Protein chains: 2
Amino acid sequence: MIECGHGCNHCSDQLCLHKVPIFNALDESDLEKIASIIIHREYKKGETIIMEGEKSESVVIMHEGSSKAYKYTPEGREQILYVFSEGDFFGETNLLRNQLATFSVEALQPVKTCMIMKSQFQSLIQQYPIMGIKIIEDLGDRMVRLENALQSMGVRNVDARISGLLLDFANKYGSNDKKGTVVHLPLSREGMANYLGIARETVSRKLGQLENDGIIQTLNNKSILIKDDESLKVIAGELY
Amino acid sequence: MIECGHGCNHCSDQLCLHKVPIFNALDESDLEKIASIIIHREYKKGETIIMEGEKSESVVIMHEGSSKAYKYTPEGREQILYVFSEGDFFGETNLLRNQLATFSVEALQPVKTCMIMKSQFQSLIQQYPIMGIKIIEDLGDRMVRLENALQSMGVRNVDARISGLLLDFANKYGSNDKKGTVVHLPLSREGMANYLGIARETVSRKLGQLENDGIIQTLNNKSILIKDDESLKVIAGELY
DNA sequence: CGGACCATTGATAATTGTCAAAATTCGTGG
DNA sequence: CCACGAATTTTGACAATTATCAATGGTCCG
């Protein structure tokens, strides 16, 4: 068991809570209370954590691993909305009304989650109004990201979007190296395509182009090396 | 002055508050307190209500008229994120941190707004935790709409997106008629194009096509008649 | 009535999607 | 550790769609 550094007897719970920014405002004794109402779950790669249309009665916190949130069209086309990783959470929308999940979430790797029932989450907020504000903050951040994503889809060309995605992944899943940044991609080519709203063949071609231009190098299907960060930012429209 | 039906002396304020669902949970005496901290503003068509990048220190409630929220790329391409109308509000994201506005808002018609300073909004939430939950609900709804919009951009073809937009507008701004639904468009062709992330010429062409097919009829630049609701829904992918 | 603004139409070019086939990678079990 | 089969990715050829540019036509308002 991993040492949590608090000498408590709820280490695994505490670890989970400490990873989530919305609980930062609370002190240890409050956290211990919350820890006791947490339910732990594990999922294998490819397993479904929640399913669009199902009743969603809990808030789920990512404790380990990463997952994708997506929707299907009736014709079977998948649109990925988010890639969640450690510390992210979902299910907090529609906290009062027990509505149906608006997207599905699937484990991209082995995943551990912590769950809190919505009913209990609500009383937490009544008890600690500051947590309500924290959640509003967090939702606000998510909205801003979503708004940016929408703008991206609307006005940026495909090259810019792919480059931007690589840079995002580099921030979240990259490690520096003397040759550049090694990025472990959480999504397959098809996943990236479904995230960007383009065909998977187009992803292949565009990545191939970036490789020809010496900007990136594919190490294997799951990782690439960013050799020329600057150029990538220029293509992404983040630098001039 | 319009009669508000409460025999109070803050009618115009009360009207404003009564239009906003998040205040539904409060009783009259609470509402009166809130009414006293509201600031009223009016804008002409084309005026900017908030500007992306400016400090955003208040929550703005639409009281009359409609407005568009949009972002510009450095190259000057506009992406419209929302069309706000009566009862909608914005600026509630980033309630704690006084961050910069992430989008601009411009009046599409003469607009009246009610503003509450963020600092005061925060203490409202501390005082009425239920309001925090209401806002979380509202943000959740907005997120769902945004997620749907993102999916739309990603996987639906242009015909489906235009048809879907017309149906949305019909819901919000349409009135039934024996010949069909007359829709008063809040956006120009260019506006619709910037909302859907396509060229304005494409909007013209697609609307022309719908007219040729007898599904709609353009009455003038600002209003259309939906003659065949069913077909429109089929094209939008909402019906089979 | 005139002028500014907005919308439509046409021709063409650029981009991306689609389908099919080949190549590569990955995981498993021997 | 290697080899095999399945899954994924890449590549090529072609078709479809939409953007762009330019010119024309229409509408609204003073």
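Each chain gets a letter, A, B and so on, in the order the sequences are listed, and its residues count up from 1. The structure presented is a predicted model; accordingly, all values stated were derived computationally and were not measured.
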Output the rounded distance in Å from [atom1] ([X]) to [atom2] ([N]).
X       : N       : atom1 : atom2 : value
I198(A) : dT9(D)  : CD1   : P     : 13 Å
I216(B) : dA7(C)  : CD1   : P     : 14 Å
R189(B) : dT18(D) : CZ    : C1'   : 18 Å
I162(B) : dT17(D) : CD1   : P     : 14 Å
N157(A) : dT15(C) : CG    : P     : 9 Å
E211(A) : dT9(D)  : CD    : C1'   : 13 Å
N220(B) : dC5(C)  : CG    : C1'   : 15 Å
N194(B) : dA7(C)  : CG    : P     : 11 Å

> Should the ring pair H40(A) and H63(A) be called parallel, tilted or perpendicular, given that the plane angle runs from 0 to 90° and is split at 30 and 60?
Replying inline: tilted
Please determine whether a side-chain nitrogen of the Lys or Arg among [X] and [Y] lies less than 4.0 Å from a carboxylate oxygen of the Asp or Glu.
X       : Y       : result
D229(B) : K233(B) : yes
E147(A) : K71(B)  : no
E92(A)  : R142(A) : yes
E78(A)  : K68(A)  : yes

>> Students often get this wrong, so: under 4.0 angstrom with heavy atoms, is K222(B) touching a base, only sugar-phosphate, or nothing?
In response: nothing
>> Counting distance alone, no hydrogens or angles: does the base of dG10(C) have a donor or acceptor under 3.5 Å from a partner atom on the side chain of R205(B)?
In response: yes
>> Given dC19(C), dT9(D), dA11(C), identify the nucleotide with an atom nearest to the side chain of E201(A).
In response: dC19(C)
>> Starting the side chain at C-beta, find the nucleotide from dA7(C), dT9(D), dG17(C) nearest to T202(A).
In response: dG17(C)
> Between the axis at one end of the helix from dC1(C)-dG30(D) to dG30(C)-dC1(D) and the axis at the other (five pairs apiece), what's the angle to 10 degrees?
Replying inline: 50°
> How far apart are the C-alpha atoms of T48(A) and E106(A), what are their side-chain angles, what is the distance that settles it, and do they pass the side chain to side chain donor-acceptor pair (under 3.5 Å) test?
Replying inline: CA-CA 4 Å; T48(A) 297; E106(A) 183 185 312; 4.9 Å; no
> Is it true that F90(B) and F84(B) have ring centroids separated by less than 6.0 Å?
Replying inline: yes
